[in-house]
Amino acid sequence: MEGELSERQTKILNIIIRDYLETGEPVGSRTISKDRDLSLSSATIRNEMSDLEEMGYIIQPHTSAGRIPSDKGYRFYVDRLMKEKDDEITALREMVVERTEKMEKTLQDAVKTLADRTNYTSIVSAPALSDSRLKFIQLTNVSDEQVLAVIVLNGNRVKNQIIPVSEPIDQETLLKLNLLLNTSLNGLSMEQINLGTIARLKEEAGIHSGVVSDVLDIIVMAIQEDEDLQVYTSGTTNILKYPELSDLQRASDILDTFETKDGIRELVEKTIAGSEESGLTVYIGNENQSPSLKDCSVVTATYDLGDGMKGMIGIVGPRRMDYENVVDSLKTIKTKLDQAFKR
């Protein structure tokens, strides 16, 4: 009775394995019947479990009704999981390239539109992760001396890193490490990966605790990585149209702020960090953190692509700016950016 598993049997086997990985206890038909993905009677589930046991995918460790996965069951589960993750990573890479190209053009169009509509200077930042969480990890053998670690965070941010190993890791061990890392870390933020979690992972990894340490280091780098924030500006010379901002020193300071983008990055980070409601914020004169903008008004808003991805749009102009036009323009562009990448 070695045939392929039916869809129903596959679901039941997956439930048994997931539940056993989580609890370490044998899984009975009553537990399986509570799963929302199934609408089967306990009798039907028991019959399917009997077939799964006969095929060697699960075993009964003692006389209780509960079953646990066999090595064959783990192999089936892991092979399917790795195939799904391979397909997902391939799709992610293709999507990221396409989305990045589309995003750059959309942001460049947005910043130019804002400057044209308001006759002031406009700023748009590329979206960045405001709450990094781990989606999944995949370890793959590259050679006897190297393992490729692929880390995927929310927002579909992918980090690849080659890990050197002192001796070859067989495929079975690598699959067990994948299971250990994913069941322990998926969905966690950096703050939630504490010393207790790390110590337990290293202990369970045994002689391969060094590989786990390297993976954890990559996760930390991927989450905390201080990437160069991409900021687009347009209409910077519009500042010179307003007499109160056009004297040589003042104009030079303002233009230098946009040229170096240091002050602008601080503004972007502050706006995104305080953007729980993604509303509009107005900074007038000395309310601006950057000294070079103390004679300006700055109006900002946050656009939200979901999954922790946020960016900022803003307008810089004289304190006597047309606030009504600026607010209306920002709201319009914000809505378009919110929707542009959710289709």
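Keep in mind that the numbers below use all heavy atoms, side chains included, and drop hydrogens, waters and symmetry copies. All figures in this text were calculated on a predicted structure; none of them were measured in a lab.
In this structure R18 satisfies the side chain to side chain contact (heavy atoms under 4.5 Å, CB included) test together with N14, I15, D35, Y77, sequence neighbours excluded. Looking at residues two or more places apart in sequence or on another chain, you find a side chain to side chain contact (heavy atoms under 4.5 Å, CB included) between Q108 and Y232. Here N325 pairs with T118, D322, S329 under the side chain to side chain contact (heavy atoms under 4.5 Å, CB included) rule; sequence neighbours left out. With sequence neighbours excluded, the residues satisfying side chain to side chain contact (heavy atoms under 4.5 Å, CB included) with S41 are A43, T44. Scored by the ring pair (Phe, Tyr, Trp, His ring centres under 6.0 Å) test, Y242 finds Y120 as partners (sequence neighbours excluded). Judged as a ring pair (Phe, Tyr, Trp, His ring centres under 6.0 Å), and not counting sequence neighbours, the contacts of F76 are Y57. Scanning for side chain to side chain donor-acceptor pair (under 3.5 Å) contacts around N47 gives an empty result, with sequence neighbours left out. R250 is linked by a side chain to side chain donor-acceptor pair (under 3.5 Å) to D247, D295, counting only residues two or more places apart in sequence or in another chain. Partners of E53 by salt bridge (charged side-chain N to carboxylate O under 4.0 Å, His left out), not counting sequence neighbours, listed by chain and number: R67.
Side-chain contact between V124 and M312 is absent, with no heavy-atom pair separated by less than 4.5 Å. Taking 4.5 Å as the limit, every side-chain heavy atom of L330 sits out of range of all side-chain heavy atoms of T332. Counting only heavy atoms from C-beta outward, the side chains of L337 and L107 approach each other to under 4.5 Å. The shortest distance between side-chain heavy atoms of I58 and L13 falls below 4.5 Å.
Rounded to the nearest 0.5 angstrom, L177 CG and Q138 CD are separated by 13.0 Å. Atoms CD1 and CG, from I32 and D19 in turn, are 8.0 Å apart once rounded to the nearest 0.5 Å. To the nearest 0.5 Å, atoms CD1 (I313) and CD1 (I333) are separated by 7.0 Å. Going from atom CG of L40 over to atom CD1 of I12 covers 6.0 Å, rounded to the nearest 0.5 Å. Taking OG1 of T31 as the start and CD1 of I45 as the end, the distance is 9.5 Å to the nearest 0.5 Å. In this structure, S297 OG and R320 CZ are separated by 11.5 Å, a value rounded to the nearest 0.5 Å.
The list of ring pair (Phe, Tyr, Trp, His ring centres under 6.0 Å) pairs with a residue in residues 26-56, not counting sequence neighbours, is empty. Each salt bridge (charged side-chain N to carboxylate O under 4.0 Å, His left out) pair with one or both residues in residues 230-240, not counting sequence neighbours, would appear here, but there are none.
The closest side-chain donor-acceptor pair between S42 and S29, if any, does not fall under 3.5 angstrom. Donor-acceptor pairing under 3.5 Å is lacking for the side chains of D109 and T106.
Both L216 and I169 are members of a single hydrophobic cluster when ILVMFWY side chains are connected at heavy-atom separations under 4.5 Å. Cluster membership for L175 and I68, using ILVMFWY side-chain heavy atoms within less than 4.5 angstrom, is shared. Under the 4.5 Å side-chain heavy-atom criterion for ILVMFWY residues, a single connected hydrophobic cluster contains both V282 and L114. Put simply, M321 and V327 are part of the same group of oily side chains (I, L, V, M, F, W, Y) that touch within less than 4.5 Å, one to the next. When the side chains of ILVMFWY residues are joined at heavy-atom separations under 4.5 Å, either directly or via intervening members, L280 and I284 end up in a single hydrophobic cluster.
Remark: side-chain polar atoms of Q146 are not paired, donor with acceptor, to backbone N or O of S143 under 3.5 angstrom. When atom types are taken as modelled, the side chain of S234 and the backbone of S122 share no donor-acceptor pair closer than 3.5 angstrom. Side-chain atoms of T183 come within 3.5 Å of backbone N or O of L180 as a donor-acceptor pair. K72 contributes a side-chain N or O that, together with a main-chain N or O of M55, makes up a donor-acceptor pair within less than 3.5 Å. A distance-only check finds a donor-acceptor pair linking the side chain of N182 to the backbone of I137 [under 3.5 Å]. Listed for the N178 side chain is a donor-acceptor partner under 3.5 Å among the backbone atoms of L174. A distance-only check finds a donor-acceptor pair linking the side chain of S246 to the backbone of P243 [under 3.5 Å]. With T121 contributing its side chain and G235 its backbone, the two residues share a donor-acceptor pair below 3.5 Å.
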Legend entry - Working for side chain to side chain contact (heavy atoms under 4.5 Å, CB included), residues V147 and I162: CA-CA 6 Å; V147 169; I162 294 289; over 6 Å; no
Inset, instruction - Decide yes or no on side chain to side chain contact (heavy atoms under 4.5 Å, CB included) for L245 and C296, but give the supporting numbers first. - result: CA-CA 8 Å; L245 302 176; C296 301; 4.1 Å; yes
Inset, instruction - Please lay out, stage by stage, how T140 and V150 fare under the test side chain to side chain contact (heavy atoms under 4.5 Å, CB included). - result: CA-CA 8 Å; T140 308; V150 179; 5.8 Å; no
Inset, instruction - In sequence, state the C-alpha distance, the side-chain angles, and the governing distance for L185 and T197, and then conclude on side chain to side chain contact (heavy atoms under 4.5 Å, CB included). - result: CA-CA 9 Å; L185 300 177; T197 302; 3.9 Å; yes
Legend entry - Derivation of the side chain to side chain donor-acceptor pair (under 3.5 Å) call for Y303 and T335: CA-CA 8 Å; Y303 65 90; T335 301; over 6 Å; no
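For V316 against I239, the heavy-atom pair with the smallest separation is O-CD1, 4.2 Å. A pairwise comparison of heavy atoms in P69 and I59 identifies O-CG1, 4.4 Å as the closest pair. Between L201 and S184, the shortest heavy-atom contact is CD2-OG, 3.4 Å. Heavy atoms only, all atoms of each residue included: S292 and I254 are closest at O-CG1, 3.3 Å.
Using a 4.0 Å cut-off between a side-chain N of Lys or Arg and a carboxylate O of Asp or Glu, K294 and E287 do not qualify as a salt bridge. One finds a salt bridge joining D116 and K112 here, because a Lys/Arg side-chain nitrogen approaches an Asp/Glu carboxylate oxygen to under 4.0 Å.
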Let me have the donor-acceptor pairs involving side chains of residues 208-215, under 3.5 Å, with sequence neighbours excluded, atom names and distances please.
| unit_1 | atom_1 | unit_2 | atom_2 | d |
| --- | --- | --- | --- | --- |
| S209 | OG | G206 | O | 3.4 |
| S213 | OG | K202 | NZ | 3.1 |
| S213 | OG | S209 | O | 3.3 |

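When the shell of 6.0 Å around CZ of R30 is examined, it contains 12 or fewer heavy atoms from other residues, nucleotides or ligands.
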